[in-house]
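Worksheet: one structure, shown below.
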Amino acid sequence: MPLTHVFFTTCKAISEKLGIPSYAVGGWVRDNFLARKSKDIDIVVVGSGIDFAKAVAHQLNPKIKVNFFANFGTAQFIYEGIDYEFVGARKESYARDSRKPIVENGSLEDDISRRDFTINSLAISLNQGSFGELIDLYQGKKDLDNKLIRTPLDADITYSDDPLRMLRAIRFASQLNFTIEPKSLEAIQRNADRLKIISKERIHTELNKILMSPKPSIGLDLLYKTKLLPFVLPE
């Protein structure tokens, strides 16, 4: 979907009107560079994601139903078959026994740095004056070009904080035919035991995505090499 689409131009208008900076982030930006279609688009705003979502939805079509979750500061609606999700920029910290973060309001830089991989840390400005500009704090575009999966921050911390990211790394490698950076691969091996805190349902979802990838053997081989396979398929 091009940046000339009415959704993005509406975001620009609302950002200007409310004085709330907004950015397209994550999977849509990544897939746009890879010429892959996305069924959902994530928007980060430096302010209230709920207020911003309601204003955008009303301008697009007053009949759009906005679902919001006040406890998390997130909002979502569907428009022309695309799922749009909005969240205020935040920073996170984790307890050792849980992948559920303690969330605080933060800057765009805080929000980008908490992302799982550099290829998912790319952002595009939807603001007047910088509309369409790429924000790339961790060389995510270079990693896309080199087909490399790498964490923005220390890989051991990234995987220990949220062990599901280890499966996501392998899933992306399998789906996109990318290579996991050697340091990141070693960190997965060191933190394999942390997968014990992840629910079977979440593991099952990632395994299904690996099996549905163009070449599942890539993912299965990585699960074996990283010592995650016993936690995924004990038998």
Side-chain angles (χ1 to χ4, degrees), residues 25-34 36 42 44 90-101 106 108-123 134-199 202-233:
V25 297
W28 177 81
V29 182
R30 177 199 69 228
D31 289 344
N32 203 41
F33 280 115
L34 295 174
R36 300 172 82 226
D42 295 329
V44 165
R90 59 190 186 179
K91 52 185 175 181
E92 299 176 342
S93 56
Y94 290 81
R96 176 72 183 172
D97 60 348
S98 173
R99 63 178 292 268
K100 294 180 180 179
L108 176 67
E109 290 74 16
D110 289 327
D111 200 274
I112 286 175
S113 69
R114 70 180 181 82
R115 304 269 159 178
D116 49 7
F117 310 114
T118 59
I119 61 172
N120 294 332
S121 71
L122 298 166
L134 177 67
I135 296 104
D136 184 4
L137 302 181
Y138 295 99
Q139 296 186 307
K141 180 60 171 62
K142 181 179 178 181
D143 288 342
L144 270 181
D145 294 338
N146 292 331
K147 298 187 174 184
L148 187 69
I149 294 171
R150 184 171 61 89
T151 59
L153 303 179
D154 182 277
D156 280 294
I157 295 173
T158 296
Y159 294 135
S160 180
D161 281 349
D162 184 354
L164 189 67
R165 291 168 175 164
M166 297 187 289
L167 290 181
R168 283 171 56 81
I170 291 172
R171 187 242 296 178
F172 281 123
S174 194
Q175 285 180 330
L176 303 176
N177 196 20
F178 277 27
T179 300
I180 300 175
E181 178 201 35
K183 288 182 180 178
S184 191
L185 201 62
E186 291 167 7
I188 293 175
Q189 292 172 329
R190 284 193 295 271
N191 290 278
D193 190 61
R194 292 282 291 148
L195 205 63
K196 289 178 181 177
I197 72 169
I198 302 299
S199 70
R202 299 306 297 270
I203 291 174
H204 180 260
T205 297
E206 291 300 323
L207 176 60
N208 274 350
K209 290 179 179 179
I210 291 170
L211 294 177
M212 292 172 66
S213 63
K215 196 173 181 181
S217 58
I218 293 174
L220 293 172
D221 185 53
L222 284 170
L223 288 172
Y224 175 74
K225 288 178 177 176
T226 55
K227 303 177 183 178
L228 291 178
L229 198 57
F231 299 100
V232 178
L233 291 171

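The first residue of the sequence shown is numbered 1, and numbering continues consecutively from there. Values in this document were obtained by computation on a predicted structure and should not be read as measured data.
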[Y] and [X], any side-chain heavy atoms less than 4.5 Å apart:
{"X": "D162", "Y": "T158", "result": "no"}
{"X": "L122", "Y": "I135", "result": "no"}
{"X": "F117", "Y": "F172", "result": "yes"}
{"X": "L233", "Y": "L223", "result": "no"}

Side chains of residues 146-153: which donor-acceptor pairs under 3.5 Å do they make with residues two or more places apart or in other chains?
from, atom 1, to, atom 2, distance (Å)
N146, ND2, K142, O, 3.3
R150, NE, D143, OD2, 2.9
R150, NH2, Y138, O, 2.7
R150, NH2, D143, OD2, 2.9
T151, OG1, L153, O, 2.7

Spacing of [X] atom [atom1] and [Y] atom [atom2] [to the nearest 0.5 Å]:
{"X": "L137", "Y": "S121", "atom1": "CG", "atom2": "OG", "value": "7.0 Å"}
{"X": "L144", "Y": "F33", "atom1": "CG", "atom2": "CZ", "value": "7.5 Å"}
{"X": "Q139", "Y": "T118", "atom1": "CD", "atom2": "OG1", "value": "8.5 Å"}
{"X": "M166", "Y": "S160", "atom1": "CE", "atom2": "OG", "value": "8.5 Å"}

Residues two or more places apart in sequence or in another chain: which of them pass salt bridge (Lys or Arg N to Asp or Glu O under 4.0 Å) with [X]?
{"X": "D31", "result": "R36"}
{"X": "R30", "result": "none"}
{"X": "D221", "result": "K225"}

Q: Find out whether the Lys NZ or Arg CZ of K196 is both under 6.0 angstrom from the six-membered ring centre of F231 and within 45° of the ring's axis.
A: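 That pair does not qualify as a cation-pi contact.
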
Q.
Suppose the criterion is side-chain hydrogen bond (donor to acceptor under 3.5 Å, both in side chains): which pairs have a residue in residues 177-188, not counting sequence neighbours?
A.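 Every pair satisfying side-chain hydrogen bond (donor to acceptor under 3.5 Å, both in side chains) with a residue in residues 177-188: Y159-S184.
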
Q.
With a 4.0 Å cut-off on N to O distance, would you call D116 and R168 a salt bridge?
A.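 Salt bridge: yes.
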
Q: Taking only Lys NZ, Arg NE, NH1 and NH2, and the carboxylate oxygens of Asp or Glu, determine whether R90 and D110 approach each other closer than 4.0 Å.
A: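 Looking at D110 together with R90, the answer is no, because their closest N to O distance does not fall below 4.0 Å.
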
Identify the heavy atoms of [X] and [Y] that sit nearest to each other, and give their distance.
{"X": "I119", "Y": "G140", "value": "CG2-O, 4.0 Å"}
{"X": "I112", "Y": "A123", "value": "CD1-CB, 4.1 Å"}
{"X": "P216", "Y": "S174", "value": "CA-OG, 3.9 Å"}

Q.
K209 and side chain to side chain contact (heavy atoms under 4.5 Å, CB included): which single residue from L207, L211, T205 fits?
A.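 The single option meeting the side chain to side chain contact (heavy atoms under 4.5 Å, CB included) with K209 is T205.
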
(Q) Checking the side chain of N191 only, and the main-chain atoms of R194 only, is there a donor and an acceptor separated by less than 3.5 Å? (A)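 Absent.
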
**Q.** Residue pair D111, R115: steps toward the salt bridge (charged side-chain N to carboxylate O under 4.0 Å, His left out) verdict
**A.** CA-CA 7 Å; D111 200 274; R115 304 269 159 178; 2.6 Å; yes

Q: Go through the structure and list residues passing side-chain contact (heavy atoms from CB on, under 4.5 Å) with T226, not counting sequence neighbours.
A: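 If we apply the side-chain contact (heavy atoms from CB on, under 4.5 Å) test to T226, skipping adjacent residues, the hits are I170, L185, I188, Q189, L228.
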
